[in-house]
Amino acid sequence: MVVFLADRTNLQSKRLHDRIANRLGGEFDNVRRRRTEPREAGPYRVVADVNPRQFLDDDEYPVTAARIEIGFQLQTGEPHEYYWFNWIEPDRRLLVGWHQDDTHDDLGPVHLQVNDGATPAAHEPAQFIDSHPLDVVERRLDSLRDVVLAVEWDRGHPVGLDLAAPPSE
């Protein structure tokens, strides 16, 4: 595990997202930093393409194309950053990811969300990581496989998460 001890108060958004892109570049394809759309929070997203069968080590996984999108908003008025860390499968209209923001205060500062296209299917409280954003990226990457495999499906639509089930081997 990599430990980041850098001072979070001196983070610069573009530089942070470039460092995230550099980190993902060794593991994923077509890694790029993009400006956010007007409907998205924060200034940037780092996007990377991934073959789920390889990443999840599952030759039977139903799709062969997915992407990861990660973005941080630094000056939030809170003592921590906001972030969005999503796994997206366009062919199955799946989005699953961690969101540290102010949209679901009843779930705490971080929630795990599953969407069927643009429609939220489930929200679960998630562990708050009070750490440098690059450490957050590492820790979320370490958990991503288990979270993607925990998505529950009903008639081809994502409906929730079974976080109690062990990941399939």
Side-chain angles (χ1 to χ4, degrees), residues 1-24 28 31-50 55 66-90 92-152 157-164:
M1 173 190 263
V2 178
V3 177
F4 297 96
L5 301 174
D7 182 3
R8 290 161 58 184
T9 61
N10 291 324
L11 286 173
Q12 295 176 352
S13 191
K14 186 175 180 183
R15 183 176 296 163
L16 170 63
H17 288 87
D18 285 343
R19 290 180 69 192
I20 294 168
N22 287 339
R23 162 55 184 93
L24 297 182
F28 302 101
V31 178
R32 62 236 180 244
R33 176 182 41 83
R34 68 166 175 83
R35 283 205 158 285
T36 55
E37 300 292 326
R39 71 185 187 297
E40 297 175 307
Y44 300 104
R45 290 290 187 274
V46 176
V47 181
D49 296 335
V50 59
F55 182 79
R67 71 180 182 269
I68 295 172
E69 292 192 8
I70 303 171
F72 281 83
Q73 182 178 346
L74 299 179
Q75 285 76 37
T76 63
E78 299 287 334
H80 54 80
E81 303 80 23
Y82 289 164
Y83 67 85
W84 302 267
F85 190 114
N86 295 314
W87 170 277
I88 300 167
E89 295 177 15
R92 296 203 298 172
R93 300 177 38 89
L94 169 68
L95 176 147
V96 60
W98 294 272
H99 301 166
Q100 181 167 294
D101 55 27
D102 59 1
T103 60
H104 295 282
D105 291 335
D106 57 321
L107 298 174
V110 183
H111 64 277
L112 192 53
Q113 181 168 326
V114 177
N115 280 21
D116 180 4
T119 306
H123 295 97
E124 301 281 336
Q127 177 189 13
F128 175 74
I129 301 171
D130 188 15
S131 186
H132 189 281
L134 293 174
D135 185 48
V136 171
V137 169
E138 288 297 326
R139 292 171 67 180
R140 294 302 183 207
L141 279 172
D142 287 346
S143 301
L144 185 58
R145 178 184 186 274
D146 291 343
V147 168
V148 171
L149 294 175
V151 173
E152 296 177 307
H157 296 280
V159 295
L161 289 165
D162 183 5
L163 297 172

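Since this is a predicted model, take the numbers as computed values, not measurements.
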> Salt bridge check, R67 against E69: does any charged N sit closer than 4.0 Å to a carboxylate O?
yes
> Does the side chain of V151 reach to within under 4.5 Å of the side chain of D162, using non-hydrogen atoms?
no
> Do you know the tightest heavy-atom contact between V159 and A122?
O-CB, 4.0 Å
> For residues H123 and D106, is any side-chain donor paired with an opposing acceptor at under 3.5 Å?
no
> Between D101 and T103 (side chain of the first, backbone of the second, donor and acceptor by atom type, cut-off under 3.5 Å), is there such a pair?
yes
> Distance from L107 atom CG to L112 atom CG, nearest 0.5 Å?
10.0 Å
> From I20 CD1 over to H17 NE2, what is the distance, rounded to the nearest 0.5 angstrom?
5.0 Å
> Please report the C-alpha distance between V96 and Q113 in whole Å, then the side-chain angles of each, then the deciding distance to 0.1 Å, and finally whether the side chain to side chain contact (heavy atoms under 4.5 Å, CB included) criterion is met.
CA-CA 6 Å; V96 60; Q113 181 168 326; over 6 Å; no
> Please answer whether the main-chain N or O of E81 pairs with a side-chain N or O of Q100 as donor and acceptor at a distance below 3.5 Å.
yes
> Rounded to the nearest 0.5 Å, what's the gap from CG on D49 to CD1 on I68? Could you check?
9.5 Å
> Should the ring pair Y83 and F72 be called parallel, tilted or perpendicular, given that the plane angle runs from 0 to 90° and is split at 30 and 60?
tilted
> Which class fits the ring pair H80 and Y82: parallel under 30°, tilted 30 to 60°, perpendicular over 60°?
tilted
> Does the cation-pi check pass for R33 over Y44, that is, NZ or CZ under 6.0 Å from the six-membered ring centre and within 45° of its axis?
yes
> What are the two closest non-hydrogen atoms of P120 and N115, and how far apart are they?
CA-OD1, 3.3 Å
> Answer with yes or no whether the side chains of E124 and H111 bring together a donor and an acceptor at under 3.5 Å.
no
> So F85 and L141, do their side chains get closer than 4.5 Å, heavy atoms only?
yes
> Between OG1 of T36 and CD of Q73, what distance do you get to the nearest 0.5 Å?
9.0 Å
> State, to 0.1 Å, how close V31 and A21 come at their nearest heavy-atom pair, and which atoms those are.
CG1-O, 3.4 Å
> Evaluate the criterion side chain to side chain contact (heavy atoms under 4.5 Å, CB included) for residue pair L144 and W98; output intermediate values, then yes/no.
CA-CA 10 Å; L144 185 58; W98 294 272; 4.0 Å; yes
> Taking all atoms of both residues into account, what is the closest heavy-atom pair of P158 and A121, and its distance?
O-CB, 3.4 Å
> With a 4.0 Å cut-off, would you call R23 and D18 a salt bridge?
no
> In Å, rounded to the nearest 0.5 Å, how long is the span from CH2 of W84 to NE2 of H99?
9.0 Å
> Please give me the minimum heavy-atom distance between E40 and E37, naming the atom from each residue.
OE1-N, 2.7 Å
> So if I apply the side-chain contact (heavy atoms from CB on, under 4.5 Å) rule between W87 and each of L94, V114, L95, which one comes out positive?
L94
> Is there side-chain contact between R32 and V46, with heavy atoms separated by less than 4.5 Å?
no
> May I have the step-by-step check of side chain to side chain contact (heavy atoms under 4.5 Å, CB included) for V137 and R19, ending in yes or no?
CA-CA 11 Å; V137 169; R19 290 180 69 192; over 6 Å; no
> With rounding to the nearest 0.5 Å, note down the distance linking CD in Q12 to NZ in K14.
10.5 Å
> Any idea which heavy atoms bring L161 and V147 closest together, and the distance?
CD2-O, 3.9 Å
